[in-house]
Novice: 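Dropping the structure in here first, questions after.
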Amino acid sequence: MGDIRLKKIKIFDTTLRDGEQSPGASMNIEEKLNLARQLSRLGVDVIEAGFPIASEGDFEAVRTIAQEIKGVEIAGLARANEKDIYRAYSAVKYAEKPVIHTFIATSDVHLKYKLKITREELYEKAVNMVKYAKSFTENVEFSAEDASRSDLDFLCKVIKGVIAAGATTVNIPDTVGYITPFEFFNFIKNIGEKVEGIENVILSVHCHNDLGLGVANSLSAILAGANQVECTINGIGERAGNAALEEIVMALDVRKDIYNAETSINTAEIFRSSQLLTHITGISVQPNKAIVGKNAFAHEAGIHQDGVLKEKTTYEIMTPERVGRQPDELVLGKHSGKHAFKEKLISLGYLLNDEEIEKAFAKFKNLADKKKDIYDEDIDSLVSKSHHFEKYELKYANVICGDTVSPLAMVKLNVDGELKHDSSCGNGPVDAAINAIEKIVNSKAKVVAYEVKSIRGTTEAQGDVSVTIEYNGAGITGRSAHTDIVVASAKAYVNALNKLYIHNKNIADKPVCEIEINA
Ligand code: KIV
Ligand code: ZN
């Protein structure tokens, strides 16, 4: 039997754009660049690096990524207007393979209530703006926002028009995560049959996960003829998120018999990419999350363990190594040397320079004096925040608490090199510590979520705390761990404040235009 030719599916990663629109997922430029480097190692075809008109920070991030990351297409998002498109071009033009990604909604509900224009006006705008984008770059992607709720014949007319105007990729988003797999299959198939010339461009899909169908819809679209999928690491994104890259890629890989398709993804980099994103954003995936969740390869039931020990394929459809997971975790301790520590950092996806490694190693030794076994999560907790710029640093957080006294916290912070201290009471010791910090910083941010969990082990374990704060509509999550959960909470809060500071700075630097992000 001869080889079956596999169809190439392009992976368009939008973690840095749609993913960043996730509540609490804001990243600074350094973090975005780090993630972009990892996406390039992962082997994605396109990195959508941001929405350059959104803020000076977004623009800088896209420009920096375009300048540094070679061999990958770098896309910048733009609404269908000249100002956005020119701004996107100005950021992506440094890339080896720049892409302007312009979008406008095609559904009647968006035309009537949001854009307040007619179908004819929309058609003109879409075609003219693709022509305008094409005057800057060869690669122009056009997205018909809310395509899945648009009238099919009108959508096909728009697609024909933008292809004639020079679009090289046409993207069909299920913006609100409404469509179902069978319907989407027919929708994409119909577009393929009705639009002459579609075979000469990339037909892309972009599925949101509001009904938990983002991945299923993307896979259906591939069966119907789509040859690009837009997705994010860990499925992060607006509301319920976007289709998860790792799930689409592994479904195509494991079920080649069904999809006859392949991607350029180096699957061994999947876990590392997922971990890196978690460290940067502080947003963990649920333990049972497919491919990258903590339990995705754990066999708990005796009957399963027995089967796997006898023959792995009884209960395993892919090996953990295939997605870059270590079957046997190497647990470090106080006798572990720098070499083992460095290897561990690499396996966890950290790319630190020598100075950062030294700093992290010192923290590791410190922790190893307090705690016998140091697990991966412990390493995450001490490394992930050690290499970022910090405006605020917690020097100490001491509390008096118990069942017969009111909790009282005394904290000391280093604020831009100046030491400041204050005290406060609260409902409990954590509340008191956060109140005391807030008295110093006066951020006016509101704590909207707080979570504490133990990093394995017994009562000697570290408490891993995440605190989400909200300010002016932006949700930002800080994370930290310590053997004392009040200290961990105070540090997590300070971490969130540092991120908020950078977030506000990005916005305040130079607001480019008033922006209404509706994608
Ligand atoms: O969900 C959406 O429609 C989008 C577009 C901008 C592609 O994110
Ligand atoms: Zn989207």
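All residue numbers refer to positions in the sequence shown, counting from 1. Whatever order the structure lists ligands and atoms in, that order sets their numbers, starting from 1.
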Novice: Checking one value in my table: which N/O/S atom of H206 lies closest to the Zn ion (ligand 2)?
Specialist: NE2
Novice: What atoms of ligand 1 come closer than 4.0 angstrom to any heavy atom of D18?
Specialist: 8 (O)
Novice: Say whether N139 and T137, considering side chains only, have a donor N or O and an acceptor N or O under 3.5 Å apart.
Specialist: no
Novice: For residues N242 and T232, is any side-chain donor paired with an opposing acceptor at under 3.5 Å?
Specialist: no
Novice: Please answer whether the main-chain N or O of V249 pairs with a side-chain N or O of D253 as donor and acceptor at a distance below 3.5 Å.
Specialist: no
Novice: Between H208 and ligand 1, find which residue part has any heavy-atom pair under 4.0 Å and reply side chain, backbone, both or neither.
Specialist: side chain
Novice: Could you tell me whether ligand 1 has any atom less than 4.0 Å away from a heavy atom of R17?
Specialist: yes
Novice: Can an N or O of S143 be found at a distance shorter than 3.5 Å from an N or O of ligand 1?
Specialist: no
Novice: For the Zn ion (ligand 2), find the closest N/O/S atom belonging to D18 and write down its atom name.
Specialist: OD2
Novice: Could you check N217, N209, T180 and say which one makes a side chain to side chain contact (heavy atoms under 4.5 Å, CB included) with D174?
Specialist: N217
Novice: Only distances under 3.5 Å count here; give the side-chain donor-acceptor pairs of residues 191-202 to other protein atoms, sequence neighbours excluded, each with its distance to 0.1 Å.
Specialist:
unit_1, atom_1, unit_2, atom_2, d
K194, NZ, D153, OD1, 3.2
E199, OE1, G197, N, 3.4

Novice: Polar contacts were defined as any N/O atom of the residue lying under 3.5 Å from an N/O atom of the ligand; does this apply to D146 and ligand 1?
Specialist: no
Novice: Identify, with sequence neighbours excluded, every residue that meets ring-ring contact (aromatic ring centres under 6.0 Å, His included) alongside Y89.
Specialist: F136
Novice: Suppose I only count heavy atoms of N171 and a 4.0 Å limit; which atoms of ligand 1 are within that range?
Specialist: 7 (C)
Novice: Could you tell me if D146 and T175 have a donor-acceptor pair between their side chains, going purely by distance under 3.5 Å?
Specialist: no
Novice: Quick check on contacts: which atoms of ligand 1 are under 4.0 angstrom from a heavy atom of E145?
Specialist: 3 (O)
